[in-house]
Amino acid sequence: MTTGNARTLPVWDRLPGFEHRLSGDMPAGEAPDVLVIGAGIAGMTTALRLAQEGREVVVIDREGPGAGETLRTTAHLASALDDRFYHLARWHGADGARQAAASHAAAIDWIERFAAGSGGCGFRRVPGYLFPHDGDERRIRRELDAARDAGLEVEFLDDGVPGVPAMRPALRFAAQARIDIDAYLRALVAAAQDAGVRCFRAEALKVEGGERPVAHLADGVALHAAAIVIASNVPFHEAVAIHTKQAAYRSYVVAAGLPAGAAPDALLWDDGDPYHYVRLVEARDGGDALLLVGGADHKTGQDEDPTAYVRLQEWTRRMFPAVTGFSHGWSGQIIEPNDGLAFIGRDPGGEANVYIATGDSGNGITHGTLAGLLLTDLIVGRDNPWAQLYDPKRKMFRGAGEWLRENANVAAQYADWVGAGDIHALDELGLGEGAVIRHGMHRVAVYRDGDGRLCSHSARCTHLGCAVRWSAAEKSWNCPCHGSRFDGQTGAVLNGPASRPLEPFDPARLDPDRQ
């Protein structure tokens, strides 16, 4: 089974577009009305919608469309959100829970209309099934009542998921959906470019708000616009305002071959913690279908589990005995807001004419589509019924307990700075392995490549100074505080909120007899 970077997956190749880099400051006459930073679902949907409103739009992305988290999704399109509607009603009130369900249903409707005009993109309406991980029906009966109160079409099935005896009882939700995410993103990029959106490869390091906000790029370019949208999965332009309200998690996926008809074409998920989520990819050319099974989530940089893929395989075989083998595995970054819903709207740190979209909570495709619809309304000056629900400045009185737990967890991670290293001597480090070693007052992140060379960096995360930890599964340095990730060999940023790479640390400074 191949694991790791989603770019190695079959048919998930790099999408076209963004071949050109900005080579200097954009002339004032060519400056856009709106600059969108990030070319995933949120960024490209926002760019397309604004272009359709007659705005001049530029999109920039460090590597191009789909190079971040979008192509790591399993592309469940659900209005039956996985944070439980009885929690959403407690955190946001009964009306807020109804708006959450309605807004995600509206996002699926928008995706369906767009896909229908773009060759289909593999879009299909399917039912969704929620089942108890331990067979205890009390929790899902509670969710049954809460989901109905939120306006969802849902029923209780004593016999559970059709064709899967181990998944019983279950709730059945109507009008959920799935989509071929790479085909869909290709279509979004093409439609945006056809509408006049200009796309460039560029890396933004800093954003300043104002009457005419500006993005400062890695090569020294300053790019002005009337409005800037930060759609880079997590905002990188400020240190604190949003990051105390959400936390980063890694989620793992395995892909299994399955004979046609051996599993229902549906969205499946349980109520475990962490929970499992399953969907089918249709068989092509008469071969096996592909079953995508996700789960084994943990906080990024904490409780790294090298057995995650194996445990997902074991669970899959238990639930679907007909699987014929496993072909691929990968992981993705999920940003969990403390109250279950994304942050979409004006910058909470007060940067004028700057807008953000973050906190996908495992529903990145629908939350990203909502971002395109909602941010377009805000930027063109139109009222939107969901603006208050997703406001990044919203207070979390009802979610205060989760807020306190998450931020206490963050504070505890700084204790790493007074602890010992992972290893005492460099000769303990094998090929392809990484570890943090203490060198005087320093913690040094050291990786030994396949040729035996040492690649060393300061272990200090460039976001807020937490000490990074090694992930053997990802071959990356992961920050346990706010989820920033860095390439194990080069120290380059893989995930924000950090915007700068790890600082190099000369291996010669390490004790010679350790080498």
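In this text the structure is predicted, and so the values were computed from the model without any measurement.
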Would you call [X] and [Y] a side-chain contact if the rule is heavy atoms closer than 4.5 Å?
X: Ser79; Y: Leu152; value: yes
X: Thr490; Y: Cys455; value: no
X: Leu370; Y: Tyr390; value: yes
X: Ile181; Y: Ile41; value: yes
X: Leu464; Y: His482; value: yes
X: Ile60; Y: Leu217; value: yes
X: Thr70; Y: Asn233; value: no
X: Met44; Y: Val59; value: yes

Any residue meeting ring-ring contact (aromatic ring centres under 6.0 Å, His included) with [X], in chain and number order, not counting sequence neighbours:
X: Phe486; answer: none
X: Tyr184; answer: Phe114
X: His298; answer: Tyr252

Check whether any side-chain N or O of [X] sits under 3.5 Å from a backbone N or O of [Y] as a donor-acceptor pair, and report yes or no.
X: Thr73; Y: Ala75; value: yes
X: Glu351; Y: Val207; value: no
X: Glu56; Y: Pro32; value: no
X: Gln176; Y: Ala174; value: yes
X: Ser232; Y: Ile37; value: no
X: Arg460; Y: Ala467; value: no
X: Trp269; Y: Tyr129; value: no
X: Glu143; Y: Phe85; value: yes

Mind listing the closest non-hydrogen atom pair of [X] and [Y] along with its distance?
X: Cys121; Y: Ile179; answer: O-CG1, 3.1 Å
X: Val234; Y: Pro497; answer: CG2-N, 3.5 Å
X: Val154; Y: Ala147; answer: CG1-CB, 4.1 Å
X: Ala47; Y: Val57; answer: CB-CG1, 3.8 Å
X: Ser484; Y: His463; answer: OG-CB, 4.1 Å
X: Asn353; Y: Pro213; answer: O-CG, 3.7 Å

Pairs involving residues 48-81, ordered by first then second residue, that meet ring-ring contact (aromatic ring centres under 6.0 Å, His included) (sequence neighbours left out):
His76-Tyr277
Is the closest side-chain donor-acceptor distance between [X] and [Y] under 3.5 Å?
X: Thr366; Y: His104; answer: yes
X: Glu53; Y: Thr376; answer: no
X: Gln333; Y: Arg485; answer: no
X: Asn478; Y: Gln302; answer: no

[atom1] of [X] to [atom2] of [Y]: how many Å apart, nearest 0.5 Å?
X: Leu188; Y: Thr45; atom1: CG; atom2: OG1; result: 4.5 Å
X: Ile356; Y: Arg346; atom1: CD1; atom2: CZ; result: 12.5 Å
X: Leu185; Y: Leu71; atom1: CG; atom2: CG; result: 6.0 Å
X: Asp180; Y: Glu282; atom1: CG; atom2: CD; result: 10.0 Å
X: Ser251; Y: Asp297; atom1: OG; atom2: CG; result: 3.5 Å
X: Lys475; Y: Leu494; atom1: NZ; atom2: CG; result: 14.0 Å

If you apply the rule side chain to side chain contact (heavy atoms under 4.5 Å, CB included), what do you find for Ile108 with Trp110, and how did you get there?
CA-CA 5 Å; Ile108 298 172; Trp110 191 92; over 6 Å; no
Does [X] have any salt bridge (charged side-chain N to carboxylate O under 4.0 Å, His left out) partners at least two apart in sequence or in another chain, and if so, which?
X: Arg125; answer: Asp109, Glu112
X: Asp33; answer: none
X: Asp265; answer: Arg124, Arg178
X: Asp271; answer: Arg139

For [X], give me all partners under side chain to side chain donor-acceptor pair (under 3.5 Å), at least two apart in sequence or on another chain.
X: Thr358; result: Gln246
X: Arg394; result: Asp339
X: Lys206; result: Glu208

Evaluate side chain to side chain donor-acceptor pair (under 3.5 Å) for Asp270 paired with His276, printing each intermediate quantity in order.
CA-CA 6 Å; Asp270 66 23; His276 299 90; 2.8 Å; yes
Answer yes or no: is there an ion pair linking Glu304 with Arg250, defined by an N-O contact shorter than 4.0 Å?
no
More than 12 heavy atoms of other residues, nucleotides or ligands under 6.0 Å from CG of Asp383: is that the case?
no
Please determine whether side chain to side chain donor-acceptor pair (under 3.5 Å) holds for the pair Tyr355 and Asp347, giving the CA-CA distance in whole Å, both sets of side-chain angles, and the decisive distance to 0.1 Å.
CA-CA 5 Å; Tyr355 302 81; Asp347 176 61; over 6 Å; no
Of Leu374, Val34, Val229, which is the lone residue that meets side chain to side chain contact (heavy atoms under 4.5 Å, CB included) with Thr46?
Val229
Evaluate the criterion side chain to side chain contact (heavy atoms under 4.5 Å, CB included) for residue pair Leu130 and Phe173; output intermediate values, then yes/no.
CA-CA 8 Å; Leu130 168 66; Phe173 296 89; 4.0 Å; yes
Quick one: do Cys461 and Cys479 satisfy disulfide (SG to SG under 2.5 Å)? Show the steps, please.
CA-CA 6 Å; Cys461 176; Cys479 176; 3.8 Å; no
All side-chain contact (heavy atoms from CB on, under 4.5 Å) counterparts of Ala445, not counting sequence neighbours
Ala459, Val468, Trp477
